[in-house]
Protein chains: 4
Amino acid sequence: MCAASRTRGESDKGELRRQQVLEAATECFRREGFHGSSIARISQAAGMSPGHIYHYFANKEAIVEAIAEREEHDIAELLRKLEQDREGGGLVDMLTRQTAEIVERNTDPAYAGLMLELAAEAARNPAVRKILQRSEREIGGQFFRLVQRVGAPAALDDAELQMRLQMIALMFNGLTLRMLNDPDFDLDAAARLINGIIRFLLEEAPPR
Amino acid sequence: MCAASRTRGESDKGELRRQQVLEAATECFRREGFHGSSIARISQAAGMSPGHIYHYFANKEAIVEAIAEREEHDIAELLRKLEQDREGGGLVDMLTRQTAEIVERNTDPAYAGLMLELAAEAARNPAVRKILQRSEREIGGQFFRLVQRVGAPAALDDAELQMRLQMIALMFNGLTLRMLNDPDFDLDAAARLINGIIRFLLEEAPPR
Amino acid sequence: MCAASRTRGESDKGELRRQQVLEAATECFRREGFHGSSIARISQAAGMSPGHIYHYFANKEAIVEAIAEREEHDIAELLRKLEQDREGGGLVDMLTRQTAEIVERNTDPAYAGLMLELAAEAARNPAVRKILQRSEREIGGQFFRLVQRVGAPAALDDAELQMRLQMIALMFNGLTLRMLNDPDFDLDAAARLINGIIRFLLEEAPPR
Amino acid sequence: MCAASRTRGESDKGELRRQQVLEAATECFRREGFHGSSIARISQAAGMSPGHIYHYFANKEAIVEAIAEREEHDIAELLRKLEQDREGGGLVDMLTRQTAEIVERNTDPAYAGLMLELAAEAARNPAVRKILQRSEREIGGQFFRLVQRVGAPAALDDAELQMRLQMIALMFNGLTLRMLNDPDFDLDAAARLINGIIRFLLEEAPPR
DNA sequence: CATGAATGAGTTTTCATTCAT
DNA sequence: CATGAATGAAAACTCATTCAT
């Protein structure tokens, strides 16, 4: 028991420190961007020496990758919750009930900053791009299966359904950029229109 | 020969050199990002010495700002063309005819790279953010007036029309992020669905 | 079981661990040089933690010194074998019989790497230089006595004999550098000429 | 004239600065070795900022390479002088006249330190090894042609002659290591024996 | 005896910026 | 208007060494 708790305690501490780094880095990246956040600053924010960062991450890029992975887990968990929190109604009802929350999340400046930072990095850095793409595939698949479980529209074949789900995701992606470029953007009106489009895509629009 | 032409000639040449720098920097930023593009490299691409860059720009950030401003002009010009290339049909026909081209443009990796770079920079650099927002406002207004000239749907008041036009822009913004995260994203299918949504927004969706 | 064997056992194990470090370090130094071999890597190769290295050695330099000392023992043992493996013939015959083997040893890249590393270190580190010089004196003396036992040329006084033996050693030293600088160096031809020179030095060359 | 001298002056100044770096680095490497000499120290010794070193050399290794190349030029020039300073006598006389000087040079601690440093680096660093090998080939060829011009022994074919010349070089190489390991090594006696061996190799030893 | 987390100074290298020419 | 030498303060990363456990 003692040995077990000791081992547990140690690995927990290590994991804790690692998470400290990730949280500090996330915060730094949000505020200053990847290239604006030096390891020195991150280490300071994480409460450890610069050299010790390299105990947990091979290099700065590995921190980026870990953050990207964490982001994936966060969204995956969101999806899992989405399925559990069913309050009745069809697929579209279930989806549109979440819209306001997702709109809020995707237009939160902190989230937007990190997301754009990740995207800009991915546009140039193949390693980060790979991670984001894998992450996106994972989430997309999860979303697709969730929709099938809840009840996909009969008129749409798999490929077409997947495409339309991607269009929904696309709108939420666009939201982040739009909010940045137009601070007066009306989020409630946007949520209403997005819901209209979701309904249109999954119920009204012709299959092809 | 006379003083006027001399001055004109000099400032023209100066402006030309300035544009050289901007073009070189745009290309560098696309390929390597802001932080990956050193003044040395930009000056080399622009065909001048590093020191001379500072004759035209106060510092590196000023180049970024100038590029952000230039981007506005590019899109404004695109809109002007859009109006001229009218081949008949109503508003929706006119818009949907351009979709394929805009999809292509917004998913071009070079354009995407620069755009995301600018967006990420704007997310934390207020000066750049201001420029992008002013630019966006300008373009949004131009688009709005164009639509009104061509013939806006009678059922929509100004605010609602503007909102729906922004939703269209939002989709094109989202496209850039989506393409980055999913290299297999089907652009043709996306264009088709986008056109369906444009029609839905401007013709079918209830005014409120 | 009794106190003595316990003590013995412990120190034996300690000595074993110490030797593990030396062997691991020797291998690392051969491959990467002193400065290219971190304590972390050495400790890994030795199968122990970095911190524990300092249980056996005061610091990194002490490892270098211990290796230099070990090198002496190796060569001394070689000399001892040389005397035992006598197959008849005079001094020159005995020596020239070993030439091919020594040539091979001294041109082995692994050996050469370590030897040059030690020599370069000795050139600026007095502690290492002392060790190498003491070691060399020891080996030189052993070699001298061996030759006297086997039968030194009558025409040469002690000083002259010693000088000529040093010339033989010098040639083997030079071999290491030559091989490094000329990868096509013909080792067989070199061995033949070296044997010619050994015979010349010990039989033909005038005493003064 | 003005332009020419200006250009000349400028390029001269650049070359001068470059040589300053090389001299400073050579001195540092001698005293502290490659890995013991930081760019900061070298730049200090060269009287310029650390960053400016990189105006003249791509990286630290490039300095090593330039030093190795310089060493080659030095020896090549030595060979050229050797041929011009002919005072009569045959090949062996010409060579043996230089022995004392070469012995002195090769046992000079400063020279020895740098040479061993280069050799140790070459043993691990392929780029440096290449340079040393090319340099050695160049010098070897020059030496060979010089000997042929002066008059090579008729009994030796080209391959055998080359081999024997390499043996002479080998002895001088060995001298450097021997001097390091034996501070009491008798240089005059060594020079005498080396000359005996040179005569033996080029006049007495049987061709095969 | 043994671990490995932790440090912090040190390494090479880059780069925006300045300035004499 | 134009150059490019020069700076010096970063940056990312490494590593010998210490020490609590």
Side-chain angles (χ1 to χ4, degrees), chain A residues 6 9-11 13-14 16-18 34-43 47-63, chain B residues 10-11 13-14 17-18 34-44 47-63, chain C residues 10-11 13-14 17-18 34-44 47-63, chain D residues 6 9-11 13-14 16-18 34-43 47-63:
Chain A
R6 183 108 156 282
E10 274 171 15
S11 83
K13 199 190 166 203
L16 202 75
R17 295 288 259 163
R18 215 187 106 98
F34 290 149
H35 298 278
S37 307
S38 68
I39 291 287
R41 218 193 259 287
I42 294 170
S43 75
M48 69 182 67
S49 71
H52 199 44
I53 297 266
Y54 290 87
H55 228 68
Y56 299 106
F57 299 94
N59 48 40
K60 205 184 173 186
E61 192 169 88
I63 300 179
Chain B
E10 272 172 18
S11 83
K13 198 192 165 201
R17 295 285 260 164
R18 213 186 106 98
F34 291 150
H35 295 273
S37 305
S38 66
I39 291 285
R41 217 193 263 282
I42 293 170
S43 75
Q44 202 181 350
M48 70 182 66
S49 70
H52 200 46
I53 297 264
Y54 289 83
H55 195 73
Y56 300 107
F57 299 92
N59 50 37
K60 203 183 174 187
E61 195 169 81
I63 300 180
Chain C
E10 273 172 16
S11 84
K13 198 192 166 200
R17 294 285 260 163
R18 213 186 106 99
F34 291 150
H35 295 272
S37 306
S38 66
I39 291 286
R41 216 193 262 284
I42 294 170
S43 75
Q44 202 182 349
M48 70 182 66
S49 69
H52 200 46
I53 296 264
Y54 289 83
H55 196 74
Y56 301 107
F57 299 93
N59 50 36
K60 203 183 174 188
E61 193 168 83
I63 301 179
Chain D
R6 186 111 154 278
E10 273 170 16
S11 83
K13 199 190 165 201
L16 202 75
R17 294 289 259 163
R18 214 186 106 100
F34 290 150
H35 297 277
S37 307
S38 69
I39 291 288
R41 218 193 259 287
I42 293 171
S43 74
M48 69 182 68
S49 71
H52 199 45
I53 297 267
Y54 290 85
H55 228 68
Y56 300 107
F57 299 93
N59 48 41
K60 204 182 174 188
E61 193 170 88
I63 300 179

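Protein chains get the first letters and strands the later ones, always in sequence-line order, with residue 1 at the start of each.
At E:dT7, one or more side-chain N or O atoms of A:Ser49 fall inside 4.0 Å of OP1 or OP2 (strictly under the cut-off). At F:dA2, one or more side-chain N or O atoms of B:Lys13 fall inside 4.0 Å of OP1 or OP2 (strictly under the cut-off). Contact annotation: C:His55 reaches the phosphate of E:dC1 (side-chain N/O to OP1 or OP2, under 4.0 Å).
At whole-Å resolution of the value, CZ in C:Arg17 and C1' in E:dC1 are 8 Å apart. Atom CZ in A:Arg41 sits about 17 Å away from atom P in F:dC13, given to the nearest Å. Rounded to whole Å, the distance from OH on D:Tyr56 to P on E:dT12 is 20 Å. The distance between atom CD1 of C:Ile53 and atom C1' of F:dC15, rounded to the nearest whole Å, is 13 Å. Protein atom CD1 of D:Ile42 is 17 Å distant from nucleotide atom P of E:dG10, rounded to whole Å. Separating the OH atom of D:Tyr54 from the C1' atom of E:dC15 is a distance of 13 Å, rounded to the nearest angstrom. In this structure, C:Phe34 places its CZ atom 19 Å from P of E:dT11, rounding to the nearest Å. Rounded to whole Å, the distance from NE2 on D:His52 to C1' on E:dT12 is 18 Å.
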(message) Can you give me the dot-bracket string for DNA chain E, 5' to 3', counting Watson-Crick and G-U wobble pairs with both distances under 3.5 Å, using [ ] for crossing pairs and | for partners on another strand?
(response) .||||||||||||||||||||

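In this structure, the separation between CZ on A:Phe34 and NZ on A:Lys60 is 8.5 Å, given to the nearest 0.5 Å. To the nearest 0.5 angstrom, B:Ile42 atom CD1 is 6.5 Å from B:Ile53 atom CD1.
Comparing A:Pro50 and C:Ala40 by the nucleotide of DNA chain F that holds the closest heavy atom to each, the one mapping nearer the 5' end is A:Pro50. The residue among B:His35 and A:Gly47 whose nearest nucleotide of DNA chain E is located toward the 5' end is A:Gly47. DNA chain F is contacted by both B:Met48 and C:Glu61; B:Met48 maps to the nucleotide lying nearer its 5′ end (nearest heavy atom per residue).
Within the 4.0 angstrom heavy-atom criterion, no nucleotide atom of any strand lies near D:Ser43. Across all strands shown, C:Ile39 has heavy atoms under 4.0 Å from base atoms, whether or not it also approaches the sugar-phosphate. If you check every strand for non-hydrogen atoms under 4.0 Å, B:Ser38 touches sugar and phosphate atoms only.
Counting all heavy atoms, side chain and backbone alike, C:Ile39 lies closest to C:Tyr54 at CG1-OH, 3.7 Å.
The aromatic rings of C:Tyr56 and C:His52 sit perpendicular to each other, their planes meeting at more than 60°, with 30° as the lower class boundary.
Atom CZ of A:Arg41 has 12 or fewer neighbouring heavy atoms from other residues, nucleotides or ligands inside a 6.0 Å radius. Summarising the local packing, CD of C:Gln44 is surrounded by 12 or fewer heavy atoms from other residues, nucleotides or ligands at distances under 6.0 Å.
Residues satisfying the side-chain contact (heavy atoms from CB on, under 4.5 Å) test with B:Ala40, not counting sequence neighbours, are B:Ser38.
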